[in-house]
Amino acid sequence: MDRRQLPIFEIERELIAQARAQRRLIVRAPTGSGKSTQIPQMLLDHGLLDEGLPRASRGRAVILQPRRLPTRLLAARVASERGVKLGSEVGYQIRFENVAGADTRLLYETEGVLLRQMLSNPRLDGVSAILFDEFHERHLYGDVTLARALQLQQTTRPDLRLIVMSATLPSGPLEDYLSPCAALEAEGRLFPVAIEYIDRPVDFDRTPAWEIATAEFERVCREGDPGDTLIFMPGAYEIARTVQALGNSAAARGRIILPLHGELPHADQDAAVTGYDRPKIIVSTNVAESSLTIEGVKLVLDSGLARIPRFDPARGINTLLVEKISRASADQRSGRAGRTAPGRGVRLWTEREHAGRALQEVPEIRRLDLSEVMLTLRAAGAGDLREFHWFEPPEPRALDRAETLLRDLGALDAATGAVTELGRRMVGFPVHPRYARMLIAAESFGCVRAVALIAALTQGRSLWMRKPDKSTREQREEVLGEEGASDFFGLMRAFRYADSHHYDVAACHRLGIHANTARQVRALAGFFLDLAEKTGLKIEDRAPETEAICKCILTGFSDQVARRVDTGTLRCLMVHGRKGVLARESAVQDSPLLVASEVREVEGRGGELSVILSLATAVRPEWLEELYPGDFHEQVDVEYDAAERRVTAWRRRLFRDLALESRRVDPPPADAAADILAEEVIKENISLPRWDETTDQWIARVNSLAAWCPELGLAPYSEKDRWLVIRVICRGAVAARDLKDRPVTAAFKDQMDPSRRALVEKHAPEKIELSNGRRARLVYTEGESPHMALRIQDLYDVSDSPKIAKGRVPVVVEILGPNHRPVQVTRDLAGFWRDHYPRVKKEMQRKYPKHEWR
DNA sequence: GAGCACTGC
């Protein structure tokens, strides 16, 4: 096909005109428009790359790609279109591959490569234009390089041309960001895809996604052959279940069913992408959304779910939870059915729910750990990232978290926040700052070689195949052994095994080792070691001590130190009050103290979340004392043990906020013990057996009298006063049973000074003497008059209600019949005798003739 | 089923 028929040529003239007039350009064009291969050539062929440069000097265009493979493929295609050798006029650069020369005019490279180049060539000399391809994917480095390029354009490089190319990004925000700029659009070469939704919402917790997917596939099949089918699921487990469900379905008979996800060996991934003589069903994760293209797909079935990685800056841990994908992502997925012919997209959610979904995915800059990018940008001279001109600014908390970590690692000055000498050396290593710090520390621990390997082992996928079967596990143990102070040691042994077996796939497979990953680890480890050597780190000749390596790991992750809650459990407490569970497969099973190099929250069955600590290394408390002597302190914690029903005290030694050892202090400190028992009494977890009616009455008497006669200056008991008295009662006690015989009412009385106590006894007495010589008990209730209850016969000769509180408060009399049942309640006894007694007497006399009736 | 998407230097 003549490349001039590509849709992008429809806008060539305008594009060149705008590129001449403007330094910033947006080009929106979908897949298949030819933008990635043709626009760079247009710039070159129209002389735009040399414009404004001195005679005979030549500028180059850098075309940024998010992924390595397409970078190489695009460069190869453009080179062949131009009939030049790859690496001459057209070249590419990705990690470990630099196929470009001084005369390269069109340089395809990954976003991360440019960011590193910004460190060594801060003005980007020689670069006339940067093209940001697939910018809508919003990868971290894409956002970062664009922001930094704009900053350069506004300062030292006003001549730099920036062209942002995207497929689907909505217009508006990007124009505002790049303003002043021009925006152009071109058509794509995709076929229409008919979208269908299910009618009724489905709860995937009750009816799993694989069942719905299978049912929908069967439904589509009833309408005719759907052709090659691509099904999107969030992860490997869901994929396995879907494959299983389809295998049991008659509709899928005669079709090849293939899983596809990143953990699969290369051969299996290739199997999913190749064509067969039979129709196929691919069940895939997000790899098939943009990284891998499967030709000939006619039907896409989309669960609408994906596992999305995030960094939680509040807790400083990574999460990987199943989330609903955005509308843009759903369109991208269904678009996979329209690459070669019109297709069909079936979505396992309702149209109504679709309307409520997010327009775009949250960009990486808003959900990933920023410490590495922060250090690189700061070292490249980008200044304060809070002031940086972001397309979308990162969360302030994420910046804070990154800055804190960099200060803790010593990369930023604790006081000024400037990049330290150590920080500058760390930037030299293209790894997370934790590993960069470890590499530098490794020199003094004499283990640079080992740490270079460790750093390499943590990049990309794990060397271990996931969920090995029993025989694989046994083979592993037999060949590699299982001894381990660190999970890294297991990985290192696996790597050495793979290396000594020349990365033989079968030999590695026997032990459940990814041979290809091991090969990449070797390249990386060698690369890190070269860098270490160039930086001037002394590389040891002898094998390092295990302990040195463990200590070195600790320097990178001292904020992820964890302690077992108890022996025999995997549950751990971490510094900063976090909790987690040690990975079951970890080799560090016996050490009570460990450091986790990976902390990740994942979602289990029924949406249950758990924080898994992996890549663990055993730690001895002495190492912490040696490396962080200032981060220790001791404290005595006094607490109530509900099971023992007693106060216990522990002397604890803490590393930061994590208790490393606890020793019981017996007896516990008396004051604190009394306080805690008193609190438990207030909370009614412990009772005071001798707290009785007289106690409550005493409190009611004092409080009532304080209200009736304020001039006496009595204070009513507040919550706090009671607490104080209870505390006195508890003094010297450590267990609930010590309180059994402690007097309570007396304690309340003793707490009051004698003159006041006498006032209470006088004006709010417990008992009152009546005019007929009898003594009656008074019952006090706060806010009410006191009561007394007496039989009529006991009230003879008491002509009127008695009064207390200096005669201000009449006692309410509950008059009882001979059967002790109330006859009348009155605060006016005189009125009773006069108005009611004659009638009462008549009635009662009949019922109780033997009693005295006056 | 105790639990792991995808990139990139």
Side-chain angles (χ1 to χ4, degrees), chain A residues 64-71 93-98 109-120 134 137-145 208 232-241 260-264 269 284-292 303 305-310 318-323 325 329 361 363-364 367-368 372-373 375-376 380 427-433 435-436 455-456 459-462 464-467 520 523-524 527-528 531 569-571 580-586 598-615:
Chain A
L64 296 184
Q65 293 293 325
R67 281 171 289 277
R68 279 192 246 168
L69 184 64
T71 307
Q93 187 174 352
I94 58 183
R95 185 160 69 169
F96 300 140
E97 280 180 62
N98 186 359
E109 61 185 36
T110 37
E111 291 158 345
V113 169
L114 183 71
L115 186 62
R116 301 299 303 182
Q117 286 165 340
M118 285 172 160
L119 281 169
S120 55
E134 313 280 14
E137 292 190 15
R138 301 297 307 281
H139 295 280
L140 181 54
Y141 287 160
D143 272 25
V144 164
T145 45
F232 283 102
M233 286 286 154
Y237 173 68
E238 292 84 354
I239 288 172
R241 297 303 299 260
L260 177 60
H261 54 84
E263 271 299 306
L264 288 178
Q269 293 193 15
S284 175
T285 58
N286 253 350
V287 260
E289 185 179 313
S290 48
S291 302
L292 280 176
S303 66
L305 302 174
R307 286 200 163 81
I308 310 279
R310 291 173 188 273
N318 290 307
T319 60
L320 184 57
L321 309 178
V322 175
E323 296 184 22
I325 61 166
S329 180
E361 300 307 324
E364 286 184 351
R367 59 178 166 85
L368 295 187
E372 188 178 351
V373 149
L375 183 59
T376 312
V427 179
F429 295 98
V431 283
H432 192 280
Y435 290 100
Q459 306 281 301
R461 294 214 148 74
S462 170
W464 296 128
M465 289 179 180
R466 214 183 281 165
K467 296 191 177 150
Q520 289 158 23
L524 261 174
F527 173 56
F528 293 151
L531 282 175
T569 172
L570 296 176
R571 284 183 296 125
V581 185
L582 180 62
R584 171 189 269 184
E585 69 278 6
S586 173
E598 201 173 85
V599 181
R600 185 188 273 149
E601 186 174 46
V602 288
E603 199 170 344
R605 184 172 32 183
E608 195 187 320
L609 303 184
S610 46
V611 176
I612 311 279
L613 311 184
S614 48
L615 291 183

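These numbers come from the heavy atoms of this one structure, side chains and all, not from hydrogens, waters or symmetry mates. To find a chain, count down the sequence lines: A is the first, B the second, and so on, and within it residues start at 1.
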Worksheet item: Just checking Ile94(A): base, sugar-phosphate only, or nothing, at a heavy-atom cut-off of under 4.0 Å?
Response: sugar-phosphate

Discussion item. Roughly how many Å apart are dG1(B) and dA5(B), using the P atom of each and rounding to a whole number?
Written reply: 16 Å

Worksheet item: So what does Glu137(A) touch, heavy atoms closer than 4.0 Å: a base, only the sugar-phosphate, or nothing?
Response: nothing

Worksheet item: How is Glu585(A) classified with respect to the nucleic acid when contacts are heavy atoms under 4.0 Å: base, sugar-phosphate, or nothing?
Response: base

Worksheet entry | Upstream residue (5' side of DNA chain B) when Arg584(A) and Leu260(A) are each assigned their closest nucleotide | Arg584(A)

Worksheet item: Taking only residues two or more places apart in sequence or in another chain, which ones pass side chain to side chain contact (heavy atoms under 4.5 Å, CB included) with Glu97(A)?
Response: Arg72(A), Tyr92(A), Ile94(A)

Item to complete: Could you pick out which residue, Gln93(A) or Thr285(A), lies toward the 5' side of DNA chain B when each is mapped onto its nearest nucleotide?
Response: Thr285(A)

Worksheet item: Taking only residues two or more places apart in sequence, or in another chain, which ones meet Gln269(A) in a side chain to side chain donor-acceptor pair (under 3.5 Å)?
Response: none

Item to complete: Tell me, please, which residues at least two apart from Glu289(A) pass side chain to side chain donor-acceptor pair (under 3.5 Å).
Response: Ser329(A), Arg333(A)

Discussion item. Could you tell me how far dA2(B) sits from dC6(B) if I compare only their C1' atoms? Round to whole Å.
Written reply: 24 Å

Practice prompt. To the nearest 0.5 angstrom, please state how far the CD atom of Glu372(A) sits from the OH atom of Tyr435(A).
Written response: 11.5 Å

Fill in: Boundaries of the chain A footprint along DNA chain B (any atom under 4.0 Å from a heavy atom)
dG1(B) to dC9(B)

Practice prompt. Tell me what Glu608(A) touches on the nucleic acid: a base, only sugar-phosphate, or nothing, going by heavy atoms under 4.0 Å.
Written response: nothing

Practice prompt. Using a 4.0 Å heavy-atom cut-off across all strands, classify Pro66(A) as base, sugar-phosphate, or nothing.
Written response: sugar-phosphate

Discussion item. By the 4.0 Å heavy-atom rule, please label Arg600(A) as base, sugar-phosphate, or nothing.
Written reply: base

Discussion item. Please check: side-chain N/O of Glu364(A) versus main-chain N/O of Leu140(A), any donor-acceptor pairing under 3.5 Å?
Written reply: yes

Practice prompt. For Tyr141(A), enumerate each residue passing the ring pair (Phe, Tyr, Trp, His ring centres under 6.0 Å) test, keeping only those at least two apart in sequence or located in another chain.
Written response: none

Discussion item. Regarding Ser610(A), tell me which of base, sugar-phosphate or nothing describes its non-hydrogen contacts under 4.0 Å with the strands shown.
Written reply: nothing

Discussion item. Regarding Leu115(A), tell me which of base, sugar-phosphate or nothing describes its non-hydrogen contacts under 4.0 Å with the strands shown.
Written reply: nothing

Worksheet item: Mind checking what makes side chain to side chain donor-acceptor pair (under 3.5 Å) contact with Glu238(A), not counting sequence neighbours?
Response: Arg307(A)

